[in-house]
Amino acid sequence: MMSVLPISRRAFLKGMGATTAATILPRFAWAKEPTFGQDFLWGVATSAPESESRANRGRSNWDVFIDNIGGSADGTNNVRNTEFDSRYLDEFKLLQASGVKAFRFSFAWSRVQPESPGAPNMRGLDHYDRMIDAMLEHGLEPVPTLFHWDIPLWAGDFLDRDISRRMGDYAEIMARLVGDRAKTWLLFNEPGIIPIFGYGQGIFAPGYRSRRYLGAALHHVNLAHGRALTAVRANTSSGTRVSSAFNIMPFEAPSGSAEDVAAARFMDVLWNEAVPAPAYGRGYPSLVLPLVEPYIQNGDMEAIAVKPDFFGLNFYSRSFVKADPDSPVGIALVEPPAELERTDELPYDPDTYTKVLLKAHKDYDAPDIIATEFGFPVAEEAPKDGWVNDPLRIKYMQGYIRAAHDAYQQGVKLKGMFYWSSTDNWEWVLGLRKHFGLIHIDQPSLKRIPKRSLEYYAKCIRLNGPA
Ligand code: FCB
């Protein structure tokens with residue numbers, strides 16, 4: 001097709017004064033900038049339990065769980081991890097050179113209060129103090145997650161409603177320590193998953209398999225969420241924005257049978273709505289209410305209804321299920337439809353990403369949204385000449401960044417995206433076998449080696465949109 005102007009757009013703009021360009025450009029359809037808004041937060045995400053070693057902290061629920069089951073799918077555990085706690089500078093340097101603007105990480109509660117409640121451990125506080133200063137020195141805005149599922153053993157678990165008080169105290173300690181430097185906070189990582197996987201299906205710490213426990217844990221997660229949000233807000237300045245990283249994953253029943261569709265619908269509501277809906281003041285969805293009703297006390301729903309300042313949204317893919325009466329949550333996984341392309345582990349599903357962002361926009365009254373995680377495990381070649389080649393990850397990233405941009409152009413107030421994960425790390429279920437990172441971790445030296453996908457991400461950041 002012939003272009004409107006016989007010269008490149010860049011040359012055309014260069015030849016004009018900025019004002020002239022600004023006045024003329026909107027008249028051409030092709031001149032619509034393919035960018036996100038100014039101050040778009042281009043980030044990478046990680047977490048303490050998946051990257052920090054076990055050194056200098058107390059024992060956590062996940063240490064116990066992983067040791068008891070003999071490691072993740074590949075037999076690895078989190079003893080050493082990527083030793084992010086002592087090697088973070090190597091990572092920050094690579095990220096800074098790529099223009100990454102923000103770094104999402106989590107505090108290990110067991111480093112801050114290792115053995116008991118009360119006064120925090122100064123060594124643990126110094127550690128995070130230094131790490132946050134280092135982020136800022138490398139041009140990375142710190143985006144802490146207060147709680148990425150690891151609980152010090154002394155603090156118990158979510159069957160105990162008192163955990164919300166302990167969580168509130170811990171939130172206050174951290175807000176006082178870094179509230180002057182961290183302006184965007186995530187309280188919980190994927191709060192809805194904790195009761196389902198940890199207390200219902202028994203595949204995450206603490207490994208309970210009970211529908212009754214699922215209900216108790218869900219309500220106490222919500223109480224802790226409300227308390228932590230109140231504590232962070234009370235101990236930080238007014239410009240601070242606080243939310244959680246909600247995992248949104250639509251559930252579908254490919255068989256179409258009434259029984260399977262009902263099971264998928266229940267799971268969809270439990271997974272996607274049972275935490276954000278009460279936090280946004282809507283109460284529990286009716287399908288979930290019978291599970292939590294026995295645990296609700298006077299004043300609880302008010303304590304829970306503390307509206308986040310933005311909607312943190314983790315998205316990977318859709319899930320496909322059928323009814324399973326033997327499962328405490330009533331479902332079993334089935335194979336995704338064959339026509340859906342797959343990453344190494346998950347369906348690759350950019351269209352659903354756009355839909356999920358549009359739905360959150362509609363359901364939660366057009367909030368600011370930050371895509372707090374998106375990421376892809378792919379098989380890739382061994383490093384060569386100081387780089388890892390991972391064209392498949394680049395393809396998937398491009399699809400999701402375009403999908404997010406599509407939602408943005410349709411009115412979603414998307415304020416940032418965080419790629420999971422900064423480096424290859426130890427994953428809860430997959431262990432070290434599956435690689436998500438933009439930076440490769442050489443074993444056993446733990447040297448950081450950039451991947452071509454980091455270079456691609458740098459390009460998106462420079463363009464402030466999908467490259
Ligand atoms: C997300 C989790 C994160 C990591 C990625 C692969 O659901 O939040 O900790 O496990 O999946």
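All residue numbers refer to positions in the sequence shown, counting from 1. Remember, it's 1-based here, ligands and their atoms both numbered in the order they're listed.
- Arg452 and Asn389 share no donor-acceptor pair across their side chains, judged by distance under 3.5 Å alone.
- Checking Ser255 against Asp260 by side-chain atom types alone, a donor-acceptor pair falls below 3.5 Å.
- With sequence neighbours excluded, no residue forms a salt bridge (charged side-chain N to carboxylate O under 4.0 Å, His left out) with Asp368.
- Glu91 is linked by a salt bridge (charged side-chain N to carboxylate O under 4.0 Å, His left out) to Arg448, counting only residues two or more places apart in sequence or in another chain.
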Enumerate, atom names and distances included, each donor-acceptor pair closer than 3.5 Å involving a side-chain atom of residues 72-79, sequence neighbours excluded.
from  : atom 1 : to     : atom 2 : distance (Å)
Ser72 : OG     : Trp426 : NE1    : 3.2
Ser72 : OG     : Trp428 : O      : 3.0
Asp74 : OD1    : Thr76  : N      : 3.1
Asp74 : OD1    : Thr76  : OG1    : 2.6
Asp74 : OD2    : Thr76  : OG1    : 3.2
Asp74 : OD2    : Leu432 : N      : 2.8
Asp74 : OD2    : Arg433 : N      : 3.1
Thr76 : OG1    : Trp426 : NE1    : 3.4
Thr76 : OG1    : Leu432 : N      : 3.3
Asn77 : OD1    : Val79  : N      : 3.1
Asn78 : OD1    : Arg54  : NE     : 2.9
Asn78 : OD1    : Arg54  : NH2    : 2.6
Asn78 : ND2    : Asp63  : OD1    : 3.0

Starting from the N and O atoms of ligand 1, collect every protein N/O partner closer than 3.5 Å and put each pair on its own line with the distance to 0.1 Å.
from     : atom 1 : to     : atom 2 : distance (Å)
ligand 1 : 7 (O)  : Glu190 : OE1    : 2.8
ligand 1 : 7 (O)  : Glu190 : OE2    : 2.7
ligand 1 : 8 (O)  : Asn189 : ND2    : 2.8
ligand 1 : 8 (O)  : Glu190 : OE1    : 3.4
ligand 1 : 8 (O)  : Glu190 : OE2    : 3.2
ligand 1 : 8 (O)  : Glu373 : OE1    : 3.2
ligand 1 : 8 (O)  : Glu373 : OE2    : 3.1
ligand 1 : 9 (O)  : Glu50  : OE1    : 2.8
ligand 1 : 9 (O)  : Glu50  : OE2    : 3.2
ligand 1 : 9 (O)  : His148 : NE2    : 2.8
ligand 1 : 9 (O)  : Trp428 : NE1    : 3.1
ligand 1 : 10 (O) : Glu50  : OE2    : 3.0
ligand 1 : 10 (O) : Glu427 : OE2    : 2.5
ligand 1 : 10 (O) : Trp428 : NE1    : 3.2

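- Contact check for Asp126 versus Arg130: side-chain heavy atoms found under the 4.5 Å cut-off.
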